[in-house]
Amino acid sequence: MQDPFDILVNGIVYSVFPEEDNVYTIFKAGVEFGKIEKDTENHWLKLNPETEMPMFDNDTETNQIGQAISNHVPEEEDEDEEFE
């Protein structure tokens, strides 16, 4: 599993804690923002805090955080190639 890391989006620091299968717990300036999940290459979903089911609304902030995560996290195939 990947270690936690920080990203900067629009001048705000988000702490990212990777979980399983493209799910990340996000802290915004030290306060829990929630969990997000990668839906498609350019679309991310925020998870409902009670049920952890995806909320299918168009959330610009969630997509910006997700895009920054995509830019930071190497694809799994790339990680496998490093060990060869």
Side-chain angles (χ1 to χ4, degrees):
M1 179 168 288
Q2 185 181 11
D3 291 330
F5 57 93
D6 291 337
I7 56 173
L8 184 65
V9 177
N10 295 329
I12 300 170
V13 175
Y14 295 87
S15 297
V16 179
F17 291 80
E19 295 189 13
E20 74 290 337
D21 299 328
N22 291 318
V23 175
Y24 301 86
T25 299
I26 309 298
F27 288 83
K28 179 180 181 180
V31 178
E32 187 168 353
F33 174 79
K35 291 185 179 183
I36 66 172
E37 177 178 36
K38 187 174 186 176
D39 184 37
T40 64
E41 188 62 33
N42 295 316
H43 192 250
W44 290 70
L45 302 172
K46 190 168 183 181
L47 302 182
N48 182 301
E50 294 176 11
T51 64
E52 294 198 359
M53 296 296 295
M55 297 186 292
F56 294 96
D57 53 352
N58 191 11
D59 186 340
T60 303
E61 183 177 20
T62 298
N63 280 325
Q64 289 174 336
I65 295 166
Q67 198 60 40
I69 291 171
S70 292
N71 293 338
H72 183 271
V73 177
E75 293 293 324
E76 289 183 21
E77 294 174 359
D78 294 341
E79 290 177 8
D80 293 340
E81 291 174 6
E82 290 177 11
F83 294 111
E84 292 179 4

- Query: Is V23 linked to F27 within one hydrophobic cluster, defined over Ile, Leu, Val, Met, Phe, Trp and Tyr using a side-chain heavy-atom separation of less than 4.5 Å?
  - Reply: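 Different hydrophobic clusters.
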
- Query: So if you build clusters from Ile, Leu, Val, Met, Phe, Trp, Tyr with side-chain heavy-atom gaps below 4.5 Å, do I12 and V16 land together?
  - Reply: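 Same cluster.
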
Please report the interatomic distance [atom1]([X]) to [atom2]([Y]), rounded to the nearest 0.5 Å.
| X | Y | atom1 | atom2 | value |
| --- | --- | --- | --- | --- |
| N63 | N42 | CG | CG | 8.5 Å |
| T60 | Q67 | OG1 | CD | 12.5 Å |
| K38 | I69 | NZ | CD1 | 10.0 Å |
| M55 | I36 | CE | CD1 | 11.0 Å |
| T62 | K35 | OG1 | NZ | 14.5 Å |
| L45 | D39 | CG | CG | 4.5 Å |

- Query: Can you name the nearest heavy-atom pair linking I7 to A68, along with the distance?
  - Reply: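 Between these two residues, the closest heavy atoms are CD1-CB, 3.7 Å.
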
- Query: Considering all heavy atoms of both residues, which atom of P18 and which atom of Y24 are nearest to each other, and what is their separation?
  - Reply: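 Answer, listing the atom of P18 first, then Y24: CA-CD2, 3.6 Å.
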
- Message: Whether the side chain of K46 engages the backbone of E61 through a donor-acceptor N/O pair (distance < 3.5 Å, no angle test) should be reported.
- Response: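 Judged by distance alone, no pair lies under 3.5 Å.
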
- Query: Short question: side chain of N22, backbone of E37 - any donor-acceptor pair under 3.5 Å?
  - Reply: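 Checked: no pair found.
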
- Anything under 30° is parallel, anything over 60° is perpendicular, the rest tilted; go ahead and classify Y14 against F33.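 Taking F33 first and then Y14, their aromatic rings stand perpendicular (interplane angle over 60°).
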
